[in-house]
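This report concerns only the one structure given below.
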Amino acid sequence: MNEVLNTLNNHRSFRKYADKPVEPEKLRMIVEAAQAAPSWVNGQQVTIIAVQNKERREKLSVLSGNQKHVAEAPVFLVFCMDFYRTRLAAGLEGQPFEAAGDTDALLVGAVDAGIALESAVAAAESMGLGIIPIGGIRRNTAEVIELLELPEYVFPVVGLCIGYPGEELPKKPRLPLEAVYHEERYNRELEGSIRQYNAEFREYLKSAGQTERDWSAVIAHFYALNPQYGDAGKTLPKQGFTCSNLQK
């Protein structure tokens, strides 16, 4: 296995960080790796905001659902889908800007942000840093938008804690390959794979000193309690994303 694959296949999500800053040159290389990632029509529909000020990290920690590791990590990156630059480009060329009214723009922005996020994760981990993505940034997007002073057509999609690991963690198992990789068509016979994974997941939790639960129980419970996660349905239109399905 080469070095890149070894890094990708040995991912951990850290919630505890050492009291040590991330070197500016390493942070720059992480952001450059994220910027080098592919994007739809080379539109580069992503902006990354680094938050290192302790007070601002603490505010984002609360807004992300009281996740204390957001405050404790020395660097917190916020990945935003960004069509503000797209609008500026349209103005420079004397062209109308209608993209934010198209539902596809949401898919484009979210996918581009996700691709950039993973590039940043790989870059950080390759340098011995620990990370954890934070979807909780979407819990209170209106306040995040205000705190980060995001202009119209910019929306926070996901956060990323970065720092030197302050703990040792076992590797979290993943679903069996056959549950996520299908050939030619979708295979719906997946209950056996889920049951198999439940057993592996319980062993992982036991080794990590956590309460043993089935993966299926954790996921079912989460989505039962979170039919609508965060306030994005209200704030997306306010940021200019006027897709018709958001206004119903």
Side-chain angles (χ1 to χ4, degrees), residues 1-15 33-34 36-43 45-46 65 79 81 102-126 130-139 155 157-160 169-208 210-230 232-233 236 241 243-246 248:
M1 185 179 293
N2 66 38
E3 218 172 295
V4 174
L5 289 175
N6 187 58
T7 297
L8 294 174
N9 283 297
N10 282 285
H11 162 72
R12 309 285 197 279
S13 288
F14 291 94
R15 290 175 173 82
S39 65
W40 174 255
V41 300
N42 193 35
Q45 287 92 195
V46 180
F79 290 76
M81 64 174 178
D102 182 2
T103 304
D104 193 58
L106 299 183
L107 296 176
V108 167
V111 168
D112 278 6
I115 293 171
L117 170 76
E118 178 51 32
S119 291
V121 167
E125 292 182 330
S126 74
I131 61 88
I132 184 170
I134 304 295
I137 200 72
R138 298 189 304 279
R139 281 186 177 273
F155 197 83
V157 176
V158 63
L160 183 67
L169 293 176
K171 183 180 177 180
K172 186 180 293 184
R174 293 297 194 249
L175 284 160
L177 186 63
E178 60 268 21
V180 297
Y181 173 65
H182 305 173
E183 294 185 346
E184 308 300 337
R185 63 178 182 83
Y186 195 100
N187 176 17
R188 302 186 187 192
E189 303 300 319
L190 299 174
E191 288 187 6
S193 295
I194 293 174
R195 289 195 180 95
Q196 175 188 334
Y197 183 60
N198 278 341
E200 294 178 17
F201 189 71
R202 292 181 72 93
E203 282 299 312
Y204 161 77
L205 292 176
K206 183 179 179 180
S207 69
Q210 301 177 33
T211 303
E212 291 183 53
R213 296 171 293 175
D214 284 345
W215 172 83
S216 58
V218 174
I219 298 305
H221 182 71
F222 177 86
Y223 283 108
L225 294 179
N226 294 276
Q228 183 174 340
Y229 189 83
L236 276 164
F241 295 94
C243 310
S244 59
N245 67 318
L246 297 175
K248 291 180 181 178

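This is a predicted model, so every value here is computed, not measured.
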>> Determine whether a donor-acceptor pair (N or O, by modelled atom type, separation under 3.5 Å) exists between the side chain of Asp102 and the backbone of Asp104.
In response: yes
> For Pro173, does its backbone N or O pair with a side-chain atom of Tyr197 as donor and acceptor, under 3.5 Å?
Replying inline: yes
Exercise: identify the closest heavy-atom pair between [X] and [Y]:
| X | Y | result |
| --- | --- | --- |
| Ala120 | Leu160 | CB-CD2, 4.1 Å |
| Val4 | Asn2 | N-OD1, 3.1 Å |
| Ser216 | Ile194 | CB-CG2, 4.0 Å |
| Ala113 | Val46 | N-CG2, 3.6 Å |
| Ala34 | Ala116 | CB-O, 3.5 Å |
| Leu205 | Thr211 | CD1-O, 3.3 Å |

In Å and rounded to the nearest 0.5 Å, what is the [atom1] to [atom2] distance from [X] to [Y]?
| X | Y | atom1 | atom2 | value |
| --- | --- | --- | --- | --- |
| Phe201 | Gln196 | CZ | CD | 15.0 Å |
| Arg15 | Ile134 | CZ | CD1 | 7.0 Å |
| Ser193 | Leu177 | OG | CG | 10.0 Å |
| Leu107 | Trp40 | CG | CH2 | 10.0 Å |

State, yes or no, whether a side-chain contact exists between [X] and [Y] at a heavy-atom distance under 4.5 Å.
| X | Y | value |
| --- | --- | --- |
| Glu200 | Arg202 | no |
| Trp215 | Tyr204 | no |
| Leu117 | Pro133 | yes |
| Glu178 | Asn187 | no |
| Ile115 | Pro38 | yes |
| His182 | Leu190 | yes |
| Arg12 | Lys171 | yes |
| Phe14 | Ile132 | no |

> Going by the side chain to side chain donor-acceptor pair (under 3.5 Å) test, which pairs reach into residues 108-125, not counting sequence neighbours?
Replying inline: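 Every side chain to side chain donor-acceptor pair (under 3.5 Å) pair that includes a residue of residues 108-125, provided the two are not neighbours, is His11-Glu125, Gln45-Asp112.
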>> So for atom CD, which belongs to Glu189, do other residues, nucleotides or ligands contribute more than 12 heavy atoms lying within a distance under 6.0 Å?
In response: no
>> Looking at Glu191, I want to see if its CD is surrounded by more than 12 non-hydrogen atoms of other residues, nucleotides or ligands under 6.0 Å.
In response: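 It does not: Glu191 CD has 12 such atoms or fewer within range.
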> In terms of the angle between their ring planes, are Phe241 and Phe155 parallel, tilted or perpendicular, with boundaries placed at 30° and 60°?
Replying inline: perpendicular
> Between Met81 and Leu106, does a side-chain contact (heavy atoms from CB on, under 4.5 Å) hold up when you go through it step by step?
Replying inline: CA-CA 8 Å; Met81 64 174 178; Leu106 299 183; 3.5 Å; yes
>> Holding to ring-ring contact (aromatic ring centres under 6.0 Å, His included), I want the full list of residues that pass it with Tyr181, two or more places apart in sequence or in another chain.
In response: none
